[in-house]
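Here is the structure we will look at, set down as structure tokens.
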Amino acid sequence: MCIINAFKLLSIGQRRPKQLDFREQLMRELLKQLPDNQMPRKEGAQHSSANALAKDHYSILSSEERDCKQCSHRPDHRQQTNYVCNACAVHLCLGDCFHRYHTRV
Ligand SMILES: [Zn+2]
Ligand SMILES: [Zn+2]
């Protein structure tokens, strides 16, 4: 409805209005006004987060032994570890727990 009204206004004084052309032009103008950040950038975000994980998160040997953060919610299977994630400062078993803690959703 809005498009038709705008078309009528613009077509005043024109002998042979081309409605199809006008609509196409209007669509292009609308698309131009869309902000860039609405475009999906899934691939880039995943790439950078994977890089950050590899760079900053690694196990370092701590002087104190504590319950593994990943295992501690399981009362039947408490595991203590000397290893801490460098970036998270959280006690985590090497291997499985370390991986699961950083890939949790
Ligand atoms: Zn970490
Ligand atoms: Zn663990």
Side-chain angles (χ1 to χ4, degrees):
M1 205 53 197
C2 180
I3 293 176
I4 302 293
N5 286 339
F7 166 72
K8 280 181 182 170
L9 284 175
L10 281 180
S11 64
I12 289 173
Q14 293 180 12
R15 277 173 62 191
R16 296 181 60 188
K18 296 175 183 174
Q19 189 166 4
L20 266 180
D21 288 354
F22 172 72
R23 283 197 180 197
E24 273 179 15
Q25 195 180 342
L26 187 71
M27 282 304 291
R28 276 191 218 111
E29 292 299 321
L30 287 175
L31 285 176
K32 263 191 241 168
Q33 289 173 18
L34 286 176
D36 282 337
N37 59 15
Q38 281 192 359
M39 301 294 286
R41 290 182 186 171
K42 208 174 178 183
E43 197 179 331
Q46 279 178 345
H47 194 63
S48 64
S49 75
N51 276 349
L53 182 64
K55 199 177 83 179
D56 299 325
H57 296 254
Y58 51 86
S59 295
I60 53 173
L61 192 58
S62 165
S63 56
E64 52 180 341
E65 191 176 68
R66 285 195 190 175
D67 287 350
C68 167
K69 180 85 172 179
Q70 184 68 24
C71 300
S72 61
H73 65 282
R74 296 165 57 182
D76 57 323
H77 179 74
R78 275 275 176 104
Q79 186 89 33
Q80 297 216 312
T81 178
N82 275 68
Y83 286 94
V84 183
C85 173
N86 175 60
C88 305
V90 160
H91 278 70
L92 291 166
C93 305
L94 284 177
D96 226 26
C97 290
F98 185 86
H99 181 72
R100 280 185 196 167
Y101 181 81
H102 289 103
T103 54
R104 72 196 189 282
V105 268

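All ligand and atom numbering here is 1-based and tracks the order in the structure.
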**Message:** Suppose you place the vertex at the Zn ion (ligand 1); what is the angle out to Cys88 SG and His102 NE2, to 10°?
**Reply:** 110°

**Polar side-chain atom of His57 near backbone of Phe98 as donor-acceptor pair, under 3.5 Å** = no

**Asked** Among the N, O or S atoms that His57 has, which is closest to the Zn ion (ligand 1)?
**Response** ND1

**Prompt:** What is the SG(Cys93)-the Zn ion (ligand 2)-SG(Cys71) angle, to the nearest 10 degrees?
**Reply:** 130°

**Message:** To the nearest 0.5 Å, what is the distance between CD on Glu64 and CG on Asn82?
**Reply:** 9.0 Å

**Asked** With a 4.5 Å heavy-atom cut-off, do His91 and Ser62 have their side chains touching?
**Response** yes

**Asked** So, do Ile60 and Tyr83 sit near enough that their side-chain heavy atoms are less than 4.5 Å apart?
**Response** no

**Item:** SG (Cys68) - the Zn ion (ligand 2) - SG (Cys97) angle, nearest 10°
**Value:** 110°

